[in-house]
Amino acid sequence: MRVHNFSAGPAALPECVLRECAAEMLDYQGSGMSVMEMSHRSPLFRSILDDAEACLRRLMDIPRDYRVLFLQGGATLQFAGVPLNLMRHGRAGYIVSGNWSKKALREAARYGEALVLATGEGSGFARVPELPASVSQQLDYVYLCQNETVFGNMMREFPQTGDVPLVADISSCFLSCPLDVSRFGLVYAGAQKNAGPAGTTVVIVREDLIAPGPARADICPSYLSYLEQSRQGSLLNTPNCWGIYVSGKVFHWVEEEGGLARMERRNWEKVAPLYDFLDGSELFSARVEPGSRSISNVCFRSSSPELDRLCVEEAARRGIVNIKGHRLTGGLRASCYNAVSPESVQALVSFLGDFESDHAAGRA
Ligand SMILES: Cc1ncc(COP(=O)(O)O)c(C=O)c1O
């Protein structure tokens with residue numbers, strides 16, 4: 001029996017994709033082997049890679065002058081990859097909306113000047129930071145994290161940066177909703193939330209930004225060079241063949257389900273009952289203010305850490321798993337990515353209602 005899985009990542013995948021992978025496990029399309037066993041230079045794998053890229057390009061309407069790279073090292077490696085490739089003059093601006101942009105800022109500071117342009121720290125990241133009205137045109141790029149997985153906030157708008165390229169970590173809302181890629185110089189996402197197994201990171205970068213030039217190229221590892229990876233078609237070394245294969249299947253699933261606009265509608269409709277419940281509850285409360293709430297990561301808490309712990313335990317007994325909050329925030333978190341069904345969210349809401357009735361005496 002499959003559980004109601006609210007994991008923040010690695011996260012639930014569409015069951016039909018898992019079944020397809022299982023069916024092809026021993027013999028992929030008559031090759032007599034699994035995708036994990038075939039050469040990454042074989043025509044068969046090449047077609048898997050090309051098909052994944054083509055499908056993602058259709059889904060996100062990626063302009064022709066953008067390169068799509070399938071890399072390894074998780075989203076974390078891109079905290080270094082971005083400055084190592086794009087800090088041509090040694091100075092970039094960061095918008096800090098939580099844990100992940102903070103980590104990216106710290107990493108970038110190892111390679112150049114990383115300036116904080118705005119931060120949501122004052123509100124405990126309960127709302128997205130106010131965006132700067134304008135930014136210095138001397139910056140190499142402006143960086144943000146669209147959806148903050150740990151604190152549960154999400155940016156609806158992006159800063160106007162003039163000629164300065166905007167860079168976004170879109171890991172936890174990748175494929176959850178449409179994104180105008182042409183607004184960005186570069187976006188990237190770890191696959192393990194909405195797109196596939198852990199181990200694949202998709203980087204989408206505008207060609208002119210990776211042209212040869214005075215970058216930190218002298219110290220950038222070849223593996224992390226977007227130019228080099230792009231020249232090699234993501235095959236500079238052995239890629240995560242399995243991750244790319246599964247991600248490609250998930251891209252097709254999203255397309256068959258109606259694409260990103262449909263996903264967005266479905267996701268907001270899916271999480272609305274949960275946010276509504278939290279707003280009406282006397283025991284539970286949402287962490288994030290209404291205008292800043294995430295489409296994917298619903299962060300909340302009860303009246304005490306003890307009740308939070310009990311809630312996680314009792315939920316698991318009802319087949320509702322992975323609702324423990326991140327260790328930084330404590331509390332509770334339900335990650336409702338594309339593959340999490342509305343029925344799972346309903347099951348969670350119904351459980352939380354029962355829990356509230358049962359533990360009314362524990363209210364603050
Ligand atoms: C928004 C965001 N960025 C970066 C990361 C780091 O990803 P990885 O573990 O793939 O390095 C995560 C992980 O949860 C994330 O949610």
Side-chain angles (χ1 to χ4, degrees), residues 5-13 69-84 94-108 110 114 119-121 125 128-129 141-156 158 166-177 179 184 186-205 221 223-224 234 239-240 242-244 246-247 250 267 287-288 292-299 322-329 331-340:
N5 183 3
F6 293 96
S7 173
L13 286 168
L69 309 174
F70 291 91
L71 306 181
Q72 303 194 63
T76 299
L77 191 59
Q78 300 314 317
F79 298 166
V82 168
L84 281 167
Y94 278 70
I95 295 173
V96 177
S97 57
N99 180 53
W100 298 108
S101 35
K102 225 174 178 178
K103 281 185 187 260
L105 170 84
R106 253 185 251 132
E107 187 70 21
R110 302 179 66 197
T119 176
E121 194 119 40
F125 302 116
V128 293
Y141 61 86
V142 170
Y143 181 103
L144 58 86
C145 175
Q146 188 187 0
N147 186 82
E148 166 51 49
T149 326
V150 171
F151 288 87
N153 66 54
M154 179 182 176
M155 287 184 196
R156 271 76 170 159
F158 306 112
L166 195 52
V167 172
D169 173 355
I170 58 168
S171 295
S172 47
C173 55
F174 181 44
L175 309 182
S176 286
C177 50
L179 183 75
F184 297 85
L186 183 151
V187 296
Y188 70 89
Q192 71 270 25
K193 294 153 198 315
N194 253 336
T200 298
T201 309
V202 177
V203 175
I204 303 168
V205 59
Y223 182 83
L224 258 188
S234 302
N240 182 340
W242 172 257
I244 294 167
V246 181
S247 297
V250 175
N267 285 326
R287 271 199 103 265
V288 175
S292 294
R293 288 176 178 172
S294 167
I295 193 170
S296 0
N297 312 102
V298 181
C299 295
N322 292 319
I323 62 164
K324 186 167 180 279
H326 190 274
R327 60 190 178 282
L328 269 181
T329 56
L332 302 154
R333 171 176 59 175
S335 296
C336 306
Y337 300 120
N338 290 342
V340 174

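In each ligand, atom 1 is the first atom listed, and ligand 1 is the first ligand listed.
- Residues passing the ring-ring contact (aromatic ring centres under 6.0 Å, His included) test with Y141, sequence neighbours excluded: Y94.
- Remark: K102 NZ to E121 CD distance equals 3.5 Å, nearest 0.5 Å.
- Under a 3.5 Å cut-off, the side chain of R110 and the backbone N or O of A80 do not form any donor-acceptor pair.
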Exercise for the section: Could you go through the side-chain contact (heavy atoms from CB on, under 4.5 Å) check for D169 and F79 one step at a time? Expected result: CA-CA 9 Å; D169 173 355; F79 298 166; 4.0 Å; yes

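- With hydrogens and angles left out, the side-chain atoms of S172 and N147 include a donor and acceptor closer than 3.5 Å.
- Protein residues with any heavy atom under 4.0 Å from ligand 1: G74, A75, T76, F79, W100, C145, N147, T149, D169, S171, S172, Q192, K193.
- Side-chain contact between F151 and N99 is present, with heavy atoms from C-beta onward closer than 4.5 Å.
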